Amino acid sequence: MATSQLCIPPPQGLLQPLVLPERLLLGPGPSNIPPRILAASGQQILGHMHLEVLQVMDEIKAGIQYAFQTQNQLTLAISGTGHCAMEAALLNLLEHGDTVLVAVNGIWGQRAADIARRLGMLGTAGQHRWGFPGGNHLSLCFMQGLARHKPSVLFITHGESSTGVLQPLEGLGDLCHRHGCLLLVDAVASLGGAPIFMDQQEIDVLYSGSQKVLNSPPGSAPISFSERAREKMLRRKMKPPSFYLDMGWLANYWGCDGEPRRYHHTAPINSFFSLREGLAMLAELGLENSWERHRANCAQLCQGLCDLGLELFVKEEKARLPTITAVRVPEGYDWKEITAFLMDNHAIEIAGGLGPSMGKVLRIGLMGCNSTSGNVNRLLHALQDALKRCHRSRL
Ligand code: PMP
């Protein structure tokens, strides 16, 4: 045999079998994937333009229309995570000369503002932000911001996963429209866990993610555009600055424009299989049952946390996001010790804070199939153990 010319040997790690632990994922996502959805993603692949796959895409579209409560034709799943949908929304809606107003109530407003700034077609798309840190929803007079900045888009997060706040949306769509502005809502952390009605609430662009309540692997993100949003995109003078996320192309690929479907990109086909199943499970359970399940288990969790002597970050009960609960890191503890203890001793993931809530809170997610009374009890028991063992005086 000729001597090898390879300078880099095969990596030792890759020559070992893949072994992964089992964990209960009670952080802010991803959540655990039930067997039915795992089985869907493990199916043998088909070609991305095969009729069966196009049929799956049509079913996903119908599932998103149900989950979002919308009749929008331009409804599809982006091949990417929640961030990708956020970028897709902003870069298709905004163009040179536009102003976007970003409501910042945690990290997701900050991220949207960052994306808008980068996009700013190199600094020309105006961008304004306002908000409060902490565990309150935004109650600032939106009218002021709309009248003052005359934005063409208002961005707001429905379920702020960094703080555990649920933002009320009532009347906001109507208000935006009276100011000639489109309403863009992030529902990555809230979809399926808290009521949202895209058409009735006059939301123009709504997006979510697959790995939270939908219990699917990360990598596909439901999104939908109202007729108003579609018209704004059609009026664009310049093409959007991304080919991959160009909604004109994606609309065609998803059969939303009535034209024969053309190849745009090779879709993450197996992710679509699982997203289809995630949406099917939500449809079978029914949205109202799903909302009630998340409400009840979140209430049980909040009560249990208070019984342990912990302080909830969001004071007002109706401002609490039913999918993700933030609880203050108690005096005398380091959040990292608690999360590490739960992981090492109980095989449970919970998370620390993120962005503005970093160091201040622990975040507990109960999403989709993970939102059960049994999981609440298991977590409370483990947390009680952690509180006994992780106090600074014991370390
Ligand atoms: N928005 C919200 C409210 C989120 O909770 C997340 C994910 N934690 C995202 C956007 C970003 O989603 P992804 O991590 O899937 O890109």
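Source: prediction; values computed, not measured.
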Atom pair OG (Ser290) and CE (Met281), whose distance is rounded to the nearest 0.5 Å: 10.5 Å

Parallel, tilted or perpendicular: ring planes of His381 versus His346, cut at 30 and 60 degrees: perpendicular

Basic-acidic side-chain contact under 4.0 Å: Arg236, Asp246: no

Salt bridge present between Glu231 and Arg228 (N-O < 4.0 angstrom): no

Reported CG-to-CG distance for the pair Leu90 and Leu245, which is rounded to 0.5 angstrom: 11.0 Å

Donor-acceptor contact present, side-chain Asn252 to main-chain Arg262, <3.5 Å: yes

Contacts of Ala229 that satisfy side chain to side chain contact (heavy atoms under 4.5 Å, CB included) - sequence neighbours left out: Leu93, Leu182, Asp204, Val205, Phe225, Ser226

Main-chain N/O of Gln71 paired with Thr75 side-chain donor or acceptor, under 3.5 Å: no

Under 3.5 Å donor-acceptor, Asn72 side chain and Gln65 backbone: no

CD/Glu52: more than 12 non-hydrogen atoms of other groups inside 6.0 Å: yes

Single hit among Phe243, Tyr253, Trp249 for ring pair (Phe, Tyr, Trp, His ring centres under 6.0 Å) with His265: Tyr253

Heavy-atom donor-acceptor pair, Gln201 side chain to Met198 backbone, under 3.5 Å: no

Contact summary for Cys306 and Leu312, nearest pair of heavy atoms: SG-CD1, 3.9 Å

Same apolar cluster: Ile324 and Leu301, side chain cutoff 4.5 Å: no

Closest heavy-atom pair and its distance - Leu366, His294: O-CD2, 3.2 Å

Residues Asp58, Arg261: salt bridge by 4.0 Å N-O rule: yes

Heavy atoms from other residues, nucleotides or ligands near CD of Glu331 exceed 12 (cutoff 6.0 Å): no

Gap separating the SG atom of Cys84 from the OH atom of Tyr207, nearest 0.5 angstrom: 11.0 Å

Under-4.0 Å salt bridge between Glu277 and Arg36: yes

Shortest non-hydrogen contact from Ser161 toward Trp108: OG-NE1, 2.7 Å

Donor-acceptor pair, side chain of Ser371 and main chain of Asn297, under 3.5 angstrom: no

Backbone N/O of Leu25 and side chain of Asn370: donor-acceptor pair under 3.5 Å: yes

Interatomic spacing from OG1 in Thr3 to CD in Gln5 - rounded to 0.5 Å: 7.0 Å

Smallest separation among heavy atoms of Leu76 and Met247, with atom names: CD2-SD, 4.1 Å

Minimal non-hydrogen separation, His158 against Pro195, with atom names: CE1-O, 3.5 Å

Main-chain N/O of Ala189 paired with Thr323 side-chain donor or acceptor, under 3.5 Å: yes

Among Lys360, Met358, Arg328, side-chain contact (heavy atoms from CB on, under 4.5 Å) partner for Trp335: Met358

